[in-house]
Every structure is written in structure tokens, then in C-alpha cells.
Enquirer: 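Structure in C-alpha cells, see below.
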Number of protein chains: 2
Amino acid sequence: MSAVGRKVRNTAIDYRQVSEQWNAEHQGQRKPTINDVAELAGVSKKTVSRVINNSPLVNEETRDGIQTVIQTIGYQPDPQARGLAFRRSFLVGMIYDNPNPQYVVNMQLGILDGLRGTAYELVVHPCDRDSDRFIEDAKQFVELQKLHGVILTPSISEDDRITDMLREIGCAYVRVASIALDMEQRMIVTNDRIGSRAAARHLAELGHRRVAFIAGRGSFRSAHERRSGFEEGLAEFGLKLSPDYILQGNYTFESGLEQGAKLLALDPPPTAVFAANDEMAAGVVQALRIAGLDVPESLSVVGFDDFEVATRIWPRLTTVHSPTRDIGRLAAERLLQSESADSEVSGTGQTTPHLVERESTASPAS
Amino acid sequence: MSAVGRKVRNTAIDYRQVSEQWNAEHQGQRKPTINDVAELAGVSKKTVSRVINNSPLVNEETRDGIQTVIQTIGYQPDPQARGLAFRRSFLVGMIYDNPNPQYVVNMQLGILDGLRGTAYELVVHPCDRDSDRFIEDAKQFVELQKLHGVILTPSISEDDRITDMLREIGCAYVRVASIALDMEQRMIVTNDRIGSRAAARHLAELGHRRVAFIAGRGSFRSAHERRSGFEEGLAEFGLKLSPDYILQGNYTFESGLEQGAKLLALDPPPTAVFAANDEMAAGVVQALRIAGLDVPESLSVVGFDDFEVATRIWPRLTTVHSPTRDIGRLAAERLLQSESADSEVSGTGQTTPHLVERESTASPAS
DNA sequence: CCTGTTATTGACACCGGTGACAATAAGTTT
DNA sequence: AAACTTATTGTCACCGGTGTCAATAACAGG
């Protein structure tokens, strides 16, 4: 290994030393760029670019040297410049319309969990599904920011208009929903049905026979899933949900309050009720409270979601816990997967909720 | 006005027609760039750039023509390219550690309100103030994304380490806090003190004389403000907060539960209590409920924040409402102001909370 | 030794904008 | 009329990366 060959790289470069000298000279005056790295390593910027992008077309020694320089001077590629060249950004969007703050925040935290350690950042984009410009708005947002991809959460994730638009402009996406609405690599399924089944079993096992259900907003997939799951669970015990005992709510606390009041007027009254979410369950509890009745003595109440409200009211709600944060993480991971070479989607893309027993349920007084 | 002059612009260009033809030819195949606009308008891209950036150095007719082209072909400057040239991005960061989902979401909505119609987008960055890497993390985030600016909310907004870091790297910021901690153009003040005063007045006017206070986490500015304001309000009625009646909470529901229990053991018991936030107030209500006592009959309870929990529990909380969303909007507006020429900061930068009376307060029994 | 192949690297243009400064034309001054 | 201003516009390099394709060297085969 002669060190004199014309085109032979000077194998004697001490990358670390060279880089440390650079550090000393520039004392963090400016962030190093790819050009600095190239110069220090004695290669072209294109080669550095190859290293950054894990190209296999780089000699191992060269790669090591460049990596040493990168480490030492603390070089980080500029996402903006990279994005400009790639014609896309390193931003992930979360487009949502779910009004529940806890859901939103947990989902954000989960997505950020999934993004941690990557070059991606999260841009949030709440929207109003009822607005006639919302598709246009979203398109504008995605195109202008050249988003790497977006994560859609209920209920907007159930709207094909938005996914059609995204496919049309070639933007990757992952939908979070209670049933599989799309190809596997584009879905994270929350399996509300299984959770609701557990709620039904719990009530049946406590001995309830006259059981009511307060449905969620009909236009939401989860409303159907939660109802179906509940009916399935009851069926396992030979119980049927009588039509009289099915009340229509819309997922709000107020609707729970209303339907809770109606519940009390039923004859014979149910001994238990499953509300399709905690907000409505809390409404039912408050309705009883206003009527001077106690939960669970007069009525057992089960919710769904296990949001904060479930533990803030008294009695605390027995409810179905859904791992929102994990769901967010899975969604982000799946979104980033779509770019990596592993054509196979890893992980199940399914999450399973579970029942949390608290004080709002008990055996019927009989 | 000869149309033959050598360097005279062809005044006969019909910008609209030319642009519509472009539209027809390209049928949305790709987004138009500044080069397209320049070509269609028959000017250099630099001149288009001037129009985009509202430079006064452009002839009015030229500007109109370019604007027509821009309108017609729907050109929008690429934020990434612009950012690269400007050495900064069109992203605003929200750095926060407040764990309350409703606060976070409302703040985000408010910031987005303030950003609407601008080229800016919001990137969220929750963090852990106790982590020893959190400053470093934040710095990394801000520098890598070259953020236009960041909005800091409590309690992290009270931490000078982060603002020092931001000033050092030359990043604009706006702090949201309960008192003025910084220069006017960098502050939005929430005036918790005034809100707490209102809470005190309310209780005093109802006839309460033995009044207790559950303090928030001592390291939060708001905890001091809320306490001081409350004491000031009481003082207006010649009342003093006895040391025995000051209990130390930490803003969590659990601490409210604990301190609520302690409250009951006081002799003589207070007839009313002001908890420094709704979570603790809800805890107090639950503590009474567990002890078999009624609110407000046994004890009037006032909270602070007017988050959802205030209306989900029974009785619903009398509390102090803070306009979180407006605060977010103001913060965003102030952040963007700092760049515009108007050296004077407009708007007050102050928001005032107000009392919302509900069922958790009443005159004392006696 | 000549030629084809593979491995590695670099040159150069380009992504879509902006900054610095020069160039041009028209109007003003002397 | 020459020289100076002012208003307006363009040229060219650059921001910090990547894509395309050519160049080079080392190696294998004939």
C-alpha cells in the first residue's frame, strides 16, 4: 500500500484531528454544511451526500472517514435543502377533526414517539369536515408543505374524499380507524369492537339482563363498531339489545345528559347502560345525579375511551381503555416504513382496547 | 408611448390570456414556479421575487401584470426554497410542558388562528422540563428546523434557560405567562391575579368568612399569582387567609383529592375553598363526595381554568375562565409582528380572565 | 498487452428561491 | 450637451443539498 500513488487517497489523513481543528477555528460560529465535511474529509460533496443517504456505493474506508468528520464537527444535513432537492419535505402532517383534546394530545405524543430519532417533525392541521373547503384546504396544506406523509384520525380518516385527494397528489398517508378501510400499509385499526364486547361481557357477568346502549354519532364508523361489538358480547350470554333500550346520542356530554334522562323514564328501567364514549357516560352519570339517583346502585354505567373525565367524576367510570398514544406511534412508524425498502409492513397494525373496572358498575339490585 | 422602442416592454401583453393558455397546456401537471411566472410575465425571476416580497422597487404596472399571472396560474412560492435562501423556515414552534390536554389543544388552535392566512405552519414540540437534555433538545429542534420563532407556554415559558438559549441563537420567541417576565414584544400576559381576585370577591359576597386556599405547584408563577390575587380579593372585604387554611397542592387531581380530605379535618372547617385550578377543585369535590358530603351545602368550591372537567362533574364548578385560544392567537400575532416593520407592538398583550358562576358555590349554611 | 467489467468518485446542472450589484432608461442639473 | 440622479430591472452567484452521467482505477478474461 504505497502512499505515493498518483490518485491514491492520502491514507494518512487523521480525520478526527482535522475535524477538531475545524471545531477550534469556527467555535460554533455557524453550523457546518456538507461542503465543510467534504473539504475536511478530502472528498466531493456528492460522496458525503452518499454517506448521508446510506448509499452502498461508497468505499468502506471513505465512509468511515466521512462519518468521523461528521461526528466530530457535529454536522447535520439541512432538512430544507435536502427537501428542496428531494422535492419533498421532512414534515409529517396530522390532519384531524376529533374534538376531544385528550385524544388529540395523546395521538400527537404517540406520533412524536414514532418520529423520535428520525429527521421528521410533526405539523398539526385541525380541520372542519363540514366545511366545503376542507378538502381544498388540506390539499393546499399538503402540497405547499410537500409533506412526506399525513396521518388521519377519526372521523376524518373515514372520509374517502380526503384519501382520494392524497393518492391523486401522491402523498403517503396512514389512516387510524376502528375498521380496516384501506390497504394494510395505510391502516392502523383500533378494534373498538373487541373493546365493546368486553364491556358487554362485564355487564352480563355482573348479572345485568336489562341493558341499554347509547349510540355514538351515526356518521362515525366507531359508532357502528361499538354497537356491534356490544351486541356480540351480549349475545354470548344469550342477551339481546331491545330496540327500546337503544338511545341515539352523538358522542357529546350534552347528548349523554339528555339520553340519560330518557333512560330513567323507560319502563321497566334498564339496570345498566353502555355509552359509546366516556363523555356520554359522564352525561348519564350527571343526569342520574340531578335526578337524585346513585350510580351504580340505580344504574351501572360503562363508558369507552378512558379519557380523563372517566376518573374525574364520581363514581369513576368503568370504561374501555384504548391505547391512543401507542396507536399514534404505530401510525407514525407505519408511515415512515412505507419509504424504507422492506416491502413487507411489519407489526400488526392492530391495537386492542381493554376494560378498566372502576366504581360505576356493580351487580343489579334485583 | 411608442410600442416600438428597443427596450420598451411590450405593453400589449395580455397577462390573463397568456396565463390561461399556460393553464390549459399544463393542466395541473406540476405546480408553477417562479420561473414560469417570470417567463409568462416577460420579466426576470428577480422581479417576480420582488413582487412576492412586496418590495417597493417595482413599477406599478409591472407589479399588476405579474400579480395577474400569479393569480391566474395559481402560483405559490415554495416555502422550502424561500426558506433555504432566507436561511430560515416558515415554521413556528410551540414548545410546551403543560400536561393539560385542553390547554394544549386550545393553545394550538389559537396559534393556528393567528397563523391563518400567513405562509406559516405550526410544529409542536412537547418537552420535559426536568430532563437534563431538554434545553439541548429544544436548541437542536429550533436550529435544525431554522424556526421562524417559537411560542412558549407555562411552565416552560418561565424558564430563563430556554429564553437565554433562544436569544443566543437568534430565534424570536413569545412567552405566555401569568406575569410579565420579558420585554413587551415577547410577552402575552394572562393576568391570573385578576381572575383570582374575582374568585375571592365572589366567595366574600356570598357571605363566606372562613375561606381556604389550595395552592398550585410552588415552582409555577401562576401558583403565586393566583394566591396573591386571591388574598388581594379577600382583603378588599377585610378578610385574611389564615395560614391554617392554606394547603399545598401541585395542580393535580390527586393532590386536590388529598388536600380536600385534609380540609375536612380542619377545625373550625372552612365554608369555602378556592383551588388554584380545576383539577384540584375536582379533586376536592370528589373528596367530599367520598366522605358523603355535598357541595356546595357543606363547602363551596371554586376552581380556575374552566376546562372541561369543570362542567363534567356534579355540581359543575364555579371557576375562572381564561381565554386560552385567544391567548394563543395573540401570541402568534405578536410573534409574526416582530418581523414586520411596525416597530411598535400593537395590541395589549394582556388578557383578562373572568369568573363563571355554576353550582359549586352558594352562601354558607349558617 | 488490450479490452470489458466492476467499484468508486467527481463534475456539473439543478431544486426554487434571494442577495449584491450592475445595467439601462428617463429625468435633472449645470 | 455632458454629467449626475432616480427608478426600474436584470445578471450572476449562492443557499445546501441531490440526480445524472462521465471519469478513473483496479481487476478479470482472452
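Every chain is numbered from 1, with letters handed out A, B, ... down the list of sequences.
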Enquirer: Atom CG of A:Leu57 to atom P of D:dA26: distance rounded to whole Å?
Expert: 19 Å

Enquirer: When you check every protein heavy atom under 4.0 Å of nucleotides 13-23 of chain C, what one-letter string (B, S, -) results, 5' to 3'?
Expert: --BBBBBBB--

Enquirer: Between the side chains of B:Arg63 and B:Asn54, does any donor sit under 3.5 Å from an acceptor?
Expert: no

Enquirer: Run the ring pair (Phe, Tyr, Trp, His ring centres under 6.0 Å) test on B:Tyr120 and B:His148 for me, step by step, so that the C-alpha distance in whole Å, both residues' side-chain angles and the decisive distance to 0.1 Å come before the verdict.
Expert: CA-CA 9 Å; B:Tyr120 294 89; B:His148 171 76; 4.7 Å; yes

Enquirer: Can you tell me if A:Thr62 touches the phosphate of C:dT9, counting only side-chain N or O atoms and a distance under 4.0 Å to OP1 or OP2?
Expert: yes

Enquirer: Regarding A:Asp78 and A:Lys31, does a basic nitrogen lie under 4.0 Å from an acidic carboxylate oxygen?
Expert: no

Enquirer: One thing to verify: whether A:Arg175 and A:Asp160 come together as a salt bridge, which I'm taking to mean a side-chain N less than 4.0 angstrom from a carboxylate O.
Expert: yes

Enquirer: Using a strict threshold of under 4.0 Å (side-chain N to carboxylate O), is an ion pair present between A:Asp164 and A:Arg161?
Expert: no

Enquirer: Counting only side-chain nitrogens and oxygens, does B:Ser44 get under 4.0 Å of the OP1 or OP2 atom of D:dT9?
Expert: no

Enquirer: Any cation-pi pair here, B:Arg82 with B:Phe86, using under 6.0 Å and within 45°?
Expert: no

Enquirer: Is there a side-chain contact between B:Val51 and B:Gln67 (heavy atoms, below 4.5 Å)?
Expert: yes

Enquirer: Looking at residues 65-72 of chain A, who's got a heavy atom less than 4.0 Å off DNA chain D?
Expert: none

Enquirer: Do A:Lys139 and A:Glu168 have side chains that approach each other closer than 4.5 Å (heavy atoms only, starting at C-beta)?
Expert: yes

